[in-house]
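A short worksheet on the structure shown next.
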2 protein chains.
Amino acid sequence: MSTIKPTPAPTLRRLPKYLEYLHEAKRKGIASISCTTIANDLKLDSVQIRKDIGITGIVGKPKTGYNVDELIHSIEKHLNWDDMSSAILVGAGNLGKAFLGYENFKKYGLNIVVAFDKDRNKIDGNIFNVPILHIDKMVDLTYRMKIHIGIITAPADEAQEIAELMILSGIRAIWNFAPRHLDVPDNIYVENAELSSDISHIKRRLKEITDKEKKYSESN
Amino acid sequence: MSTIKPTPAPTLRRLPKYLEYLHEAKRKGIASISCTTIANDLKLDSVQIRKDIGITGIVGKPKTGYNVDELIHSIEKHLNWDDMSSAILVGAGNLGKAFLGYENFKKYGLNIVVAFDKDRNKIDGNIFNVPILHIDKMVDLTYRMKIHIGIITAPADEAQEIAELMILSGIRAIWNFAPRHLDVPDNIYVENAELSSDISHIKRRLKEITDKEKKYSESN
DNA sequence: ACATTATCGATATAATTATATCGATATAAA
DNA sequence: TTTATATCGATATAATTATATCGATAATGT
Ligand SMILES: NC(=O)c1ccc[n+]([C@@H]2O[C@H](COP(=O)([O-])OP(=O)(O)OC[C@H]3O[C@@H](n4cnc5c(N)ncnc54)[C@H](O)[C@@H]3O)[C@@H](O)[C@H]2O)c1
Ligand SMILES: NC(=O)c1ccc[n+]([C@@H]2O[C@H](COP(=O)([O-])OP(=O)(O)OC[C@H]3O[C@@H](n4cnc5c(N)ncnc54)[C@H](O)[C@@H]3O)[C@@H](O)[C@H]2O)c1
């Protein structure tokens with residue numbers, strides 16, 4: 001009956017940031033918290049935080065704010081982090097291996113249960129307790145395990161082919177770390193992890209700072 | 001004289017995507033390209049691409065589009081990728097090591113010249129030709145090398161302290177992979193690499209798909 | 001040479017997102 | 001008990017970002 005509320009993308013990007021802060025607050029023994037406080041600490045706007053938080057369905061109390069536990073629960077539920085999803089990873093190289101050992105993914109409701117590679121030297125071993133199997137086994141095994149999330153940490157030139165195999169495997173959402181556009185049907189969701197976008201921001205901001213300083217020193 | 005044009009953040013995020021596509025096109029021998037073509041291939045809006053591209057200063061020709069080489073150059077120049085920046089990395093663990101071996105960073109104008117760690121077993125070795133030194137040497141060395149970009153790939157609990165040391169080192173921009181908010185002065189730019197935000201999107205979208213299917217199968 | 005067409009740059013409109021304001025209310029202080 | 005205050009949720013306004021439209025122009029075909 002209920003229509004699926006389309007959470008704005010910017011909100012979806014900010015919510016994990018609040019969560020991280022709230023877990024930290026909880027660890028410090030803080031029981032309830034207001035948007036004003038969060039905003040001060042994270043240097044954000046309190047109205048925006050209130051709105052973001054409101055989207056998750058929780059209601060706060062005037063003067064007090066929100067109960068930290070309830071707030072954490074409300075956000076995690078909204079992000080679906082309370083419901084663990086299995087995922088496969090393809091490409092157990094430098095980046096892939098780092099991911100296999102990253103315990104935090106489980107906190108975000110993501111559990112990498114098996115990895116695949118084409119390098120025979122890497123397969124049949126375990127990295128951080130995650131088995132590494134040959135890529136040939138992916139389609140059948142993933143399909144039978146009903147896994148819907150695939151992570152690509154293989155070279156860019158292999159990414160499209162791997163994506164297509166993933167789709168055959170029943171994967172519905174692909175988290176792509178290879179710097180290559182994936183051409184997939186409309187019903188497959190691709191999240192591109194573009195580290196290069198971060199670098200754009202960093203370098204541009206740094207240029208602004210440098211230019212400003214140059215201008216300033218010239219005017220002296 | 002010229003005011004620093006403030007490129008919209010969404011544009012800054014999209015430009016690297018175009019670049020990646022354009023390099024691929026160039027490799028295929030394509031000499032000139034139109035926004036319509038790019039839009040079709042990347043499944044984006046051509047007007048948006050034209051606007052993004054226009055911000056970098058290039059002018060195209062009606063009916064033809066843009067020269068691929070010139071377009072690549074215009075975007076890379078705008079992103080400051082043609083001008084290599086040195087960076088330091090702190091925390092040569094799983095993720096940090098992967099980064100040290102990642103050749104693409106250089107294409108984005110980012111060169112990690114030295115890494116620091118506090119684990120004596122890791123220091124004084126080289127990983128992918130990048131020297132690993134003890135964290136105690138960071139402030140002095142970084143300051144003397146005039147490096148302005150710092151990457152944090154150390155545990156979250158250490159992140160704030162490392163950030164403060166980085167600021168002492170003359171670092172102006174911090175790329176933070178630790179899931180922790182950094183409290184820094186206004187003149188320091190922090191780019192938080194929130195992998196958890198990507199997961200939010202993936203899990204939410206997957207939930208939408210699943211819910212829709214459930215609804216559909218119930219109505220049958 | 002002239003018409004046709006694809007695409008450009010610019011401008012106008014629409015949609016989304018962020019911020020400011022305001023009445024209501026729970027807590028704390030007078 | 002009454003008053004002051006911080007914060008909430010809702011609503012209104014402003015800013016940013018995305019999309020649609022249009023005249024101008026370079027290439028192509030008649
Ligand atoms: N290393 C980084 O820091 C980093 C950062 C951002 C993005 N990336 C991207 O992530 C990807 C992996 O980077 P990396 O540094 O880990 O590279 P890597 O070479 O260390 O690892 C790639 C792995 O993929 C495997 N592989 C290759 N083709 C395959 C196939 N068809 N099927 C299955 N496995 C296959 C290889 O055997 C190897 O183990 C690349 O696309 C890279 O651009 C890497
Ligand atoms: N591994 C991943 O896939 C991944 C993904 C996203 C974010 N992260 C984040 O990146 C950070 C590193 O993750 P990891 O998996 O590589 O952890 P890790 O434990 O493998 O590496 C951390 C490294 O930091 C070093 N270190 C600790 N304290 C230090 C200090 N004060 N100064 C200098 N070095 C110090 C350690 O000696 C270790 O080598 C963590 O904050 C993690 O949450 C990791």
Side-chain angles (χ1 to χ4, degrees), chain A residues 3-18 21-22 25 30-71 74-75 78 194 197 200-201 204-205, chain B residues 3-18 21-22 25 30-71 74-75 78 194 197 200-201 204-205:
Chain A
T3 327
I4 312 128
K5 43 192 166 183
T7 308
T11 297
L12 229 37
R13 249 182 283 118
R14 284 187 298 264
L15 286 174
K17 186 104 201 158
Y18 306 153
Y21 170 88
L22 291 167
I30 296 164
S32 75
I33 203 159
S34 75
C35 292
T36 318
T37 308
I38 304 176
N40 279 340
D41 290 347
L42 297 184
K43 287 173 186 158
L44 295 172
D45 185 76
S46 67
V47 181
Q48 183 170 76
I49 296 177
R50 196 171 300 119
K51 221 176 177 182
D52 286 341
I53 280 175
I55 285 172
T56 72
I58 197 171
V59 288
K61 267 197 284 190
K63 187 93 189 213
T64 328
Y66 307 83
N67 174 281
V68 172
D69 280 328
E70 286 172 20
L71 186 48
S74 178
I75 298 175
H78 189 79
E194 309 262 12
S197 292
S200 295
H201 277 99
R204 197 107 243 289
R205 175 55 84 93
Chain B
T3 326
I4 311 128
K5 40 190 168 183
T7 307
T11 296
L12 229 38
R13 251 182 281 117
R14 282 187 299 261
L15 286 174
K17 187 104 198 157
Y18 305 154
Y21 170 89
L22 291 167
I30 295 164
S32 78
I33 203 160
S34 75
C35 292
T36 318
T37 307
I38 303 176
N40 279 339
D41 289 348
L42 297 184
K43 285 170 186 161
L44 295 171
D45 185 77
S46 67
V47 180
Q48 184 170 74
I49 297 177
R50 196 170 300 119
K51 220 173 178 184
D52 286 342
I53 281 175
I55 286 172
T56 72
I58 198 172
V59 288
K61 268 196 287 189
K63 188 91 191 218
T64 328
Y66 307 82
N67 173 281
V68 172
D69 280 327
E70 286 173 19
L71 186 47
S74 179
I75 298 175
H78 189 79
E194 308 264 12
S197 291
S200 296
H201 277 98
R204 197 106 241 289
R205 174 56 85 93

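The basis for the numbers below is simple: all heavy atoms, side chains too, and nothing from hydrogens, waters or symmetry mates. Every chain is numbered from 1 and lettered A, B, ... according to where its sequence line falls, protein lines coming before strand lines.
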### Message
The side chain of B:Pro10 is closest to which nucleotide in this list: D:dA26, D:dA18, C:dA20?
### Response
D:dA18

### Message
Please report the interatomic distance SG(B:Cys35) to CD1(B:Ile53), rounded to the nearest 0.5 Å.
### Response
4.0 Å

### Query
Please give, in whole Å, the distance from D:dC8 P to A:Ile33 CD1?
10 Å

### Message
I need the CG-P distance between A:Asn67 and D:dC8, as an integer number of Å.
### Response
13 Å

### Task
Considering just the side-chain nitrogens and oxygens of A:Arg50, establish if one lies under 4.0 Å of OP1 or OP2 belonging to D:dT11.
no

### Query
Knowing that exactly one of A:Thr56, A:Thr7, A:Thr11, A:Asp52 qualifies, which makes a side chain to side chain donor-acceptor pair (under 3.5 Å) with A:His78?
A:Thr7

### Residues B:Lys17, A:Glu194: salt bridge by 4.0 Å N-O rule
yes

### Query
Does OP1 or OP2 of C:dA26 have a side-chain N or O of A:Tyr66 closer than 4.0 Å?
no

### Query
At under 4.0 Å between heavy atoms, what does A:Arg13 touch on the DNA or RNA strands: base, sugar-phosphate, or nothing?
nothing

### Task
Let me know the distance between CD of A:Gln48 and P of D:dA14, rounded to the nearest Å.
18 Å

### Task
Using a cut-off of strictly less than 4.0 Å, decide whether A:Lys51 has a side-chain nitrogen or oxygen near OP1 or OP2 of D:dG9.
no

### Message
Using a heavy-atom cut-off of 4.0 Å across all strands, would you classify B:Gly54 as base, sugar-phosphate, or nothing?
### Response
nothing

### Query
Any idea which of C:dA18, D:dT19, D:dT25 is nearest the B:Pro62 side chain?
D:dT25

## Note on the structure
Closest of C:dA18, D:dC8, D:dA20 to the A:Ser34 side chain is D:dC8

### Message
From CD1 of A:Ile49 over to P of C:dT19, roughly how many Å is that when rounded to an integer?
### Response
11 Å

### Task
Measure from CZ on A:Arg14 to C1' on C:dT16 and round the result to the nearest Å.
12 Å

### Task
Give a yes/no on whether any side-chain N or O of A:Thr64 is located under 4.0 angstrom from OP1 or OP2 of C:dA26.
no

### Query
Quick one: are B:Glu70 and B:Ser74 in side-chain contact, heavy atoms under 4.5 Å?
no

### Task
Among C:dC8, C:dT19, D:dG9, find the nucleotide with the atom closest to the side chain of A:Val59.
D:dG9

### Query
Which nucleotide in the set C:dA18, D:dC8, D:dT19 lies at the smallest distance from any side-chain heavy atom of B:Asp45?
D:dT19

### Integer-rounded Å distance: C:dT5 C1' and B:Lys61 NZ
17 Å

### Query
Which residue, B:Thr37 or A:Lys63, contacts DNA chain C at a nucleotide closer to its 5' end, judged by nearest heavy atom?
B:Thr37

### Query
Which whole-number value in Å describes the distance from B:Leu15 CG to D:dT17 P?
13 Å

### Summary
Nearest heavy-atom approach of B:Tyr66 to B:Arg50 is OH-CG, 3.7 Å

### Query
Roughly, in whole Å, what's the span from CG in A:Leu44 to C1' in C:dT19?
13 Å

### Message
I need the single residue from B:Asp45, B:Leu44, B:Asn40 that forms a side-chain contact (heavy atoms from CB on, under 4.5 Å) with B:Leu42. Which is it?
### Response
B:Leu44

### Minimum-distance nucleotide (side-chain atoms of A:Val47 versus C:dT21, D:dT21, D:dC8)
C:dT21

